[in-house]
Amino acid sequence: MRGPVIAIHGGAGAISKSKITDEIEHKYRASLKEIIDAGADALRDGASAIDVVALAVSMFEDNPMFNAGKGAVFTHNATHELDASIMCGETLRCGAVAGIATIKNPIYAAKCVMEKSKHVMLISKGAEDFLRAQGFEAVPNDYFSTDIRREQLEIALKSDSQEALLDHDSDHQASPIDEKNKMGTVGAVALDAHGNLAAATSTGGMTNKMAGRVGDSPIIGAGCYANNNTCAVSTTGHGEHFIRSVVAYDISALMDYKGLSLEDACDEVVYKKLPLIDGSGGLIAIDKDGNAYLPFNSAGMYRGLGYATGSREVAIYKGEAI
């Protein structure tokens, strides 16, 4: 085993580098580095993989530059509906929430479902009732709102686009990844000092999505999967395509049943299978031996990789080594 390691992603999509200032790009890279350092330091100090991936994803959720938690995109009804999932590779226990609107950190909500309920997934009001009973503090739905997300919704409504994430022309607020082609999911995978794997994924979904729409992020096997015998995977892409391809589990199955390496299994899915159904996006994965791979078939993906006692790197654009 190569030692404790964490990988993160903050969404994938088309690059719009010409619209990004050096200052804003630096903020994105600094945010990714902060999350990688926090996760790798926790692993170095002996934290479990499941706690580390939850920590990393919660930091994304608290950062309004990413589409999870604070800064989540709006539905067609100008509300926020959040999804998240988490899975432990040692026990195969997992938890997920979908369509929640008043819980600050959906990833901790998913973790609570895993640890405190007999179910795997809870949704909407039932999930929120359960979480409040478990001591979670409720926040107003507009806690998640930001001006740039509201402007993106207004543009989408004017163009009557039901699903596409839309571009934004304000350079001072723009993201390095073109908003009209961005898959705004965040996630983390980790291997801890005990040899246990874990994965976690969270999202606000797609700008102008139908109320009630659920993508792949909270679906175990599609947006998130972990198994100590093979790997841990968190995905980011057009959710409907990733559900149809059961992407996260497919990586594990190719390793388990065909004996493929992590890299070969990921390449088979990301570069061969997904393009056949016009599936765009990427994933992060770590295998049981600590090998990490972060492939994507879009033009860019916010990503980071950090070892407990080794290198810590972040990247955004295609061609950046990591």
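What's counted below: heavy atoms across the whole structure, side chains too, no hydrogens, waters or symmetry copies.
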- For the pair I107 and F60, evaluate side chain to side chain contact (heavy atoms under 4.5 Å, CB included) and give the outcome as yes or no after the intermediate values. CA-CA 10 Å; I107 196 60; F60 275 119; over 6 Å; no
- Smallest separation among heavy atoms of A47 and V52, with atom names: CB-CG2, 3.7 Å
- Is L294 linked to L262 within one hydrophobic cluster, defined over Ile, Leu, Val, Met, Phe, Trp and Tyr using a side-chain heavy-atom separation of less than 4.5 Å? no
- Message: Surrounding NZ of K288 (heavy atoms of other residues, nucleotides or ligands, distance under 6.0 Å), is the total greater than 12?
- Response: no
- When E313, E320, E34, E23 are each screened for salt bridge (charged side-chain N to carboxylate O under 4.0 Å, His left out) with R29, the one that passes is E320
- Message: Looking at R44 and D41, is any side-chain nitrogen of the basic one under 4.0 Å from a carboxylate oxygen of the acidic one?
- Response: yes
- Is there side-chain contact between I103 and Y108, with at least one heavy-atom pair below 4.5 Å? no
- Examine F136 together with F130 and report whether their ring centres are nearer than 6.0 Å. no
- Value for CG (D83) from CG (D216), rounded to nearest 0.5 Å, stands at 9.0 Å
- Message: So which atom in T102 and which in E128 form the shortest heavy-atom distance, rounded to 0.1 Å?
- Response: N-OE2, 3.0 Å
- side chain to side chain donor-acceptor pair (under 3.5 Å) partner of R213, chosen from E81, H76, E240: E240
- Message: Could you report the tightest heavy-atom contact between V186 and V57, atom names first, then the distance?
- Response: CG2-CG1, 4.1 Å
- Note on the structure: Shortest non-hydrogen pair, A98 vs V214, comes out as CB-CG2, 4.0 Å
- Item | Residue pair H241 / R244, side-chain donor-acceptor N/O under 3.5 Å | yes
- Query: Any side-chain heavy atom of H9 sitting closer than 4.5 Å to one from T185?
  - Reply: yes
- Point-to-point distance, once rounded to the nearest 0.5 Å, from CG of L153 to NZ of K209: 12.0 Å
- Query: Does the side chain of M114 come within less than 4.5 Å of I50's, by heavy atoms?
  - Reply: yes
- Start with the C-alpha distance between K272 and D267, add both sets of side-chain angles, then the distance that settles side chain to side chain contact (heavy atoms under 4.5 Å, CB included), and finish with yes or no. CA-CA 7 Å; K272 296 180 181 179; D267 284 350; over 6 Å; no
- Message: Assess the residue pair Q152 and N208 against the criterion (side chain to side chain contact (heavy atoms under 4.5 Å, CB included)); give the C-alpha distance rounded to whole Å, side-chain angles, the decisive distance to 0.1 Å, and a yes or no.
- Response: CA-CA 9 Å; Q152 289 166 3; N208 203 22; over 6 Å; no
- Side-chain contact, heavy-atom cut-off 4.5 Å: M301 with I284? yes
- Please report the shortest heavy-atom distance between G281 and V270, naming the atom on each side. O-CG1, 4.5 Å
- Item | Whether K70 side chain and Y143 backbone form a donor-acceptor pair below 3.5 Å | yes
- Do V139 and L131 share a hydrophobic cluster (ILVMFWY, side-chain heavy atoms under 4.5 Å, transitive)? yes
- Does any donor atom in the side chain of S252 or N227 lie under 3.5 Å from an acceptor atom in the other side chain? no
- Query: Any side-chain heavy-atom pair from Y225 and I251 closer than 4.5 angstrom?
  - Reply: no
- Item | Beyond-backbone contact of L43 with V5, side-chain heavy atoms, under 4.5 angstrom | no
- Query: Linking I/L/V/M/F/W/Y whenever their side-chain heavy atoms sit closer than 4.5 Å, directly or via other members, would F296 and Y271 fall into one cluster?
  - Reply: no
- Message: Suppose we call two aromatic rings close when their centres sit under 6.0 Å apart. Are F74 and H80 close by that rule?
- Response: yes
- Task: Using modelled atom types only, decide if a donor and an acceptor are shared between the side chain of N67 and the backbone of G205 within a distance under 3.5 Å.
- Result: yes
Compile the donor-acceptor pairs under 3.5 Å between side chains in residues 117-126 and protein atoms, sequence neighbours left out, one pair per line.
residue : atom : partner : partner atom : Å
S117    : OG   : V113    : O            : 2.6
S117    : OG   : H119    : N            : 3.1
S117    : OG   : H119    : O            : 3.3
K125    : NZ   : D129    : OD2          : 2.9

- Look up atom CZ in R312 and atom CD1 in I6, then write down how far apart they are to the nearest 0.5 Å. 10.0 Å
- Message: Keeping R149 on the side-chain end and A72 on the backbone end, is there a donor-acceptor pair under 3.5 Å?
- Response: no
- With hydrophobic residues grouped by side-chain heavy-atom distances under 4.5 Å, do V53 and L32 end up in a single group? yes
- Query: Got L283 and C266 here, is their nearest side-chain heavy-atom distance under 4.5 Å?
  - Reply: yes
- Message: I'd like to know whether L274 forms a side chain to side chain contact (heavy atoms under 4.5 Å, CB included) with S280, so could you lay out the CA-CA distance, the side-chain angles of the two residues, the decisive distance to 0.1 Å, and finally the verdict.
- Response: CA-CA 7 Å; L274 277 172; S280 178; over 6 Å; no
- Item | Reported CZ-to-OG1 distance for the pair F242 and T201, which is rounded to 0.5 angstrom | 11.0 Å
- Between the CD atom in E25 and the CG atom in D22, the distance rounded to the nearest 0.5 Å is 6.5 Å
- Item | Check against side-chain hydrogen bond (donor to acceptor under 3.5 Å, both in side chains), S48 and D51 | CA-CA 5 Å; S48 67; D51 286 341; 3.2 Å; yes
- Message: I need the L82 CG to I100 CD1 distance, nearest 0.5 Å.
- Response: 5.5 Å
- Message: With side chain to side chain contact (heavy atoms under 4.5 Å, CB included) as the test, pick out the partner of S85 among S234, P106, C224.
- Response: C224
- Message: Between E61 and S202, do the side chains contain a donor N or O and an acceptor N or O under 3.5 Å apart?
- Response: yes
- Hey, are the side chains of V269 and S245 touching, using non-hydrogen atoms and a 4.5 Å cut-off? no
- Just by distance, do the side chain of D287 and the backbone of D289 share a donor-acceptor pair under 3.5 Å? yes
- Message: When you group the ILVMFWY residues by side-chain heavy-atom contacts below 4.5 Å and let the links chain together, are V97 and L55 in the same group?
- Response: yes
- Message: Show the nearest heavy-atom pair for residues A292 and L305, with the distance to one decimal.
- Response: CB-CD1, 3.5 Å
